[in-house]
Amino acid sequence: MTVLDWKRTLYALLALPFGLAGAHEWLAARLLGRAPREGTPRYLAAAGVSVVALPLSLLVAFLGWRIATYGLFWDPATAGESWGGPSLAGAWLVHFFCALGLTVVAMWVLRPLTDLQSRLFSGRVGAGTSAPTT
């Protein structure tokens, strides 16, 4: 996971509202480092990609928040039923590694999705475009 993966996750969360508001070029330049391109945006196709990308980015955000605040939701009464319990440290570690695995997979899937979404909003999809390299 790199900083660019986290930026792609944020991009997947914000791409559709910014694209529909006409500020997609700014968002792509700011988060993905892409220069504005000329072309007719394909909003409906980009919205279709958002159907997959948005839940994945929400999953990453939820997992990050949930693991960061795991100790706040700890209930000693149900500690024995928790994965990695009965101690808070053991349960946190088990949940952390499960969340880490899901986050890595979600970010890996978001790479081509955010690239496609960016190209759809810029109107650059079809012949002459290349597959994402990162």
Side-chain angles (χ1 to χ4, degrees):
M1 290 187 305
T2 65
V3 173
L4 186 56
D5 288 325
W6 289 103
K7 287 181 177 182
R8 282 186 181 113
T9 302
L10 184 59
Y11 176 84
L13 276 170
L14 301 175
L16 189 59
F18 273 71
L20 295 176
H24 174 266
E25 292 83 11
W26 178 84
L27 186 68
R30 180 82 172 145
L31 293 178
L32 302 179
R34 299 211 171 125
R37 300 176 182 172
E38 293 194 20
T40 304
R42 298 179 181 170
Y43 295 111
L44 189 58
V49 175
S50 288
V51 169
V52 178
L54 186 63
L56 286 172
S57 61
L58 287 172
L59 174 68
V60 170
F62 169 75
L63 290 172
W65 176 254
R66 184 68 172 120
I67 291 302
T69 61
Y70 189 76
L72 298 176
F73 303 100
W74 181 253
D75 182 13
T78 60
E81 300 169 11
S82 178
W83 291 357
S87 72
L88 174 59
W92 184 83
L93 278 172
V94 168
H95 284 82
F96 170 80
F97 284 112
C98 290
L100 180 64
L102 285 171
T103 299
V104 168
V105 170
M107 286 184 169
W108 181 74
V109 173
L110 279 172
R111 284 181 177 190
L113 290 175
T114 54
D115 184 63
L116 175 62
Q117 192 172 34
S118 174
R119 289 187 290 135
L120 286 168
F121 272 126
S122 68
R124 294 289 186 133
V125 176
T129 59
S130 61
T133 57
T134 58

Item to complete: Could you list the residues that satisfy side chain to side chain contact (heavy atoms under 4.5 Å, CB included) with Leu100, not counting sequence neighbours?
Response: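 Listed in chain order: Met1, Phe96, Phe97, Val104.
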Might you work through the side-chain contact (heavy atoms from CB on, under 4.5 Å) test for Leu31 and Arg8, ending with a clear yes or no?
CA-CA 7 Å; Leu31 293 178; Arg8 282 186 181 113; over 6 Å; no
Checklist entry - Are Leu102 and Val109 connected, step by step, through hydrophobic side chains (Ile, Leu, Val, Met, Phe, Trp, Tyr) whose heavy atoms are closer than 4.5 Å? => result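 No, it is not one cluster - the side chains of Leu102 and Val109 are not joined through contacts under 4.5 Å.
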Honestly curious: do Leu13 and Phe18 fall in one hydrophobic cluster under the side-chain, below-4.5 Å linking rule?
->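 Yes, Leu13 and Phe18 fall within the same hydrophobic cluster.
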Donor-acceptor pairs are to be reported for all side-chain atoms of residues 56-65 against protein atoms at under 3.5 Å, with residues two or more places apart or in another chain.
from  : atom 1 : to    : atom 2 : distance (Å)
Ser57 : OG     : Ala53 : O      : 3.3
Ser57 : OG     : Leu54 : O      : 2.8

Heavy-atom distance under 4.5 Å between the side chains of Thr103 and Trp6, does that happen here?
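In short, these two side chains touch, coming nearer than 4.5 Å.
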Checklist line | Spatial distance of atom NZ (Lys7) from atom OG1 (Thr2) [nearest 0.5 Å] | finding: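 Rounded to the nearest 0.5 Å, the NZ-OG1 separation comes out at 9.5 Å.
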Can you tell me how far the CG atom of Leu14 sits from the CZ atom of Arg30, to the nearest 0.5 Å?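 So the gap between those two atoms works out to 12.0 Å.
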Exercise: identify the closest heavy-atom pair between Met107 and Asp5:
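Closest approach of Met107 to Asp5: SD-CB, 3.7 Å.
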